[in-house]
Amino acid sequence: MKQVLITGASTGIGFETTRALLEDGYRVWAGVRKPEVLERLKQDFGDRLTILKLDVTNVDDIEAAFEAVQDQLKEKSEFIVINNAGIANGGPIEGLAIEEWRKVFEVNVFAMVEMTQKFLPILRRTKGRVINIGSISGRIASPFLGPYCASKFAVRSFSDSLRREVGYFGVRVSLIEPGPIRTEIWSKSIRRSDQVASTFTPDVQQAYGKLMESLREGVTKAAEDAAPVELVTKSILHAVESRFPRTNYLVGKNIQLQATLVQFLPASVMDTLVKAGLRFKKG
């Protein structure tokens, strides 16, 4: 029986993946900041689920998670880490405080690196797998999502470097790159962006106000058209179960096409397509 540790398991992709893994018979350690949110799964799946209080930016939580896994691990079974925890903050680069950038990178990048470093000895011993949750935003950068896109570009590079290092030990690394997916991240992102926007100077608010309104409309539309979370869960399960998991999983509506276009189209054409997709208005 494979053994899986997943971060950010309280909602969205993390929660649905945790449930799918348990339904398929896996042993799961699920990391959440508020353990009570997974109690209903604990009631259904008993000892096969261990709920970990895990803020991925807290070194003590990471250490406690490692000790919990060490205590319960069956060394003869493959161990898998799914780095899912992430946040999406945004706004105009001119107005975003550097603290906002650090916050996004702490969760989306540095925590992923630290989690992976901590568990690599186990992963090497069991010839396990690392599955990182990235985004199509790690290939196509959107305006007003600078911190998020930059962090996902970093996740993609980290995954490539990691894969080329640990492949020597039989450890496989996969990157999941979803497009818009129907989860709570949209409403959380909009709420956080509204909070951040309230801190902008009047000059920044005046300069970018209409563009931000257009962006909000575009994001709302994207959320309505987003693909179901089950598509991502299916890809993650393939990366967990397949004898030959793929290095990259592009997931969502037209995402494969978008990834292809960005490779071959001039930057000026991509700029026009991105702006059109976000429904930017002049004036």
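Computed from a predicted model, the values in this text were never measured in an experiment.
Of the possible polar contacts, one joining the Arg129 side chain to the Ala239 backbone as a donor-acceptor pair under 3.5 Å is found. A donor-acceptor pair under 3.5 Å is absent between the side-chain atoms of Arg163 and the main chain of Thr247, judged by distance alone. A donor-acceptor pair is defined here as one N or O able to donate and one able to accept, closer than 3.5 Å; no such pair exists between the side chain of Ser151 and the backbone of Val104. Not a single donor-acceptor pair under 3.5 Å links the side chain of Ser135 to the backbone N or O of Gly138. Judged by distance alone, with hydrogens and angles left aside, the side-chain atoms of Gln3 form no donor-acceptor pair with the main-chain N or O of Val28 at under 3.5 Å. Of the possible polar contacts, none joining the Glu177 side chain to the Ile136 backbone as a donor-acceptor pair under 3.5 Å is found. Asn58 places a side-chain N or O within donor-acceptor distance of the main-chain N or O of Asp61, the cut-off being under 3.5 Å. With hydrogens and angles ignored, the 3.5 Å screen pairs a side-chain donor or acceptor of Asn108 with a backbone N or O of Ile87.
Of the options Asn248, Thr116, Leu175, a side chain to side chain contact (heavy atoms under 4.5 Å, CB included) to Ser159 is made by Leu175 and by none of the others.
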Salt bridge (Lys or Arg N to Asp or Glu O under 4.0 Å) for Lys118 and Glu63? Distances and angles first, verdict last.
CA-CA 8 Å; Lys118 189 66 183 179; Glu63 181 62 37; 2.6 Å; yes
Run the side-chain contact (heavy atoms from CB on, under 4.5 Å) check on Trp29 and Leu73 step by step: do they pass?
CA-CA 10 Å; Trp29 291 268; Leu73 188 73; 4.3 Å; yes
Can you check salt bridge (Lys or Arg N to Asp or Glu O under 4.0 Å) on Glu16 and Arg19, steps first, answer last?
CA-CA 5 Å; Glu16 294 302 329; Arg19 179 163 58 187; 2.6 Å; yes
Verdict with reasoning, Thr57 to Asp55, per side-chain hydrogen bond (donor to acceptor under 3.5 Å, both in side chains):
CA-CA 5 Å; Thr57 65; Asp55 176 348; 2.7 Å; yes
Using the rule given for side-chain contact (heavy atoms from CB on, under 4.5 Å), can you reason through Ile62 versus Asp60, listing the C-alpha separation, both sets of side-chain angles and the distance that settles it, and then say yes or no?
CA-CA 5 Å; Ile62 293 175; Asp60 293 332; over 6 Å; no
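Residue Lys234 places its NZ atom among 12 or fewer non-hydrogen atoms of other residues, nucleotides or ligands, all under 6.0 Å distant. Remark: Arg33 CZ is loosely packed, at most 12 non-hydrogen atoms of other residues, nucleotides or ligands lying under 6.0 Å away.
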Show me the donor-acceptor pairs within less than 3.5 Å that the side chains of residues 5-12 make with the rest of the protein, sequence neighbours left out.
| residue | atom | partner | partner atom | Å |
| --- | --- | --- | --- | --- |
| Thr7 | OG1 | Asn84 | N | 2.9 |
| Thr7 | OG1 | Ala85 | N | 3.0 |

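Residues Leu231 and Ala227 come closest through the heavy atom pair CD1-CB, 3.7 Å. Nearest heavy-atom pair, Cys149 versus Ala141, reported as atom, atom and distance to 0.1 Å: SG-CA, 3.8 Å. The two residues Val155 and Gly134 have their closest heavy-atom pair at CG1-CA, 4.2 Å.
Taking the six-membered ring where tryptophan is involved, the planes of His238 and Tyr249 are perpendicular, since the angle between them exceeds 60° and thus also 30°.
The CZ atom of Phe45 sits 14.0 Å away from atom OG1 of Thr50, with the distance rounded to the nearest 0.5 Å. We find the CD1-CG distance between Ile176 and Leu250 to be 9.5 Å, quoted to the nearest 0.5 Å.
Tyr26 does not carry Lys2 over the face of its six-membered ring by the limits of under 6.0 Å from the centre and within 45° of the normal.
A salt bridge does not link Lys127 to Glu78: none of the charged nitrogens lies less than 4.0 Å from a carboxylate oxygen. Lys103 has a carboxylate O that lies under 4.0 Å from a charged side-chain N of Glu100, or vice versa, which qualifies the two as a salt bridge.
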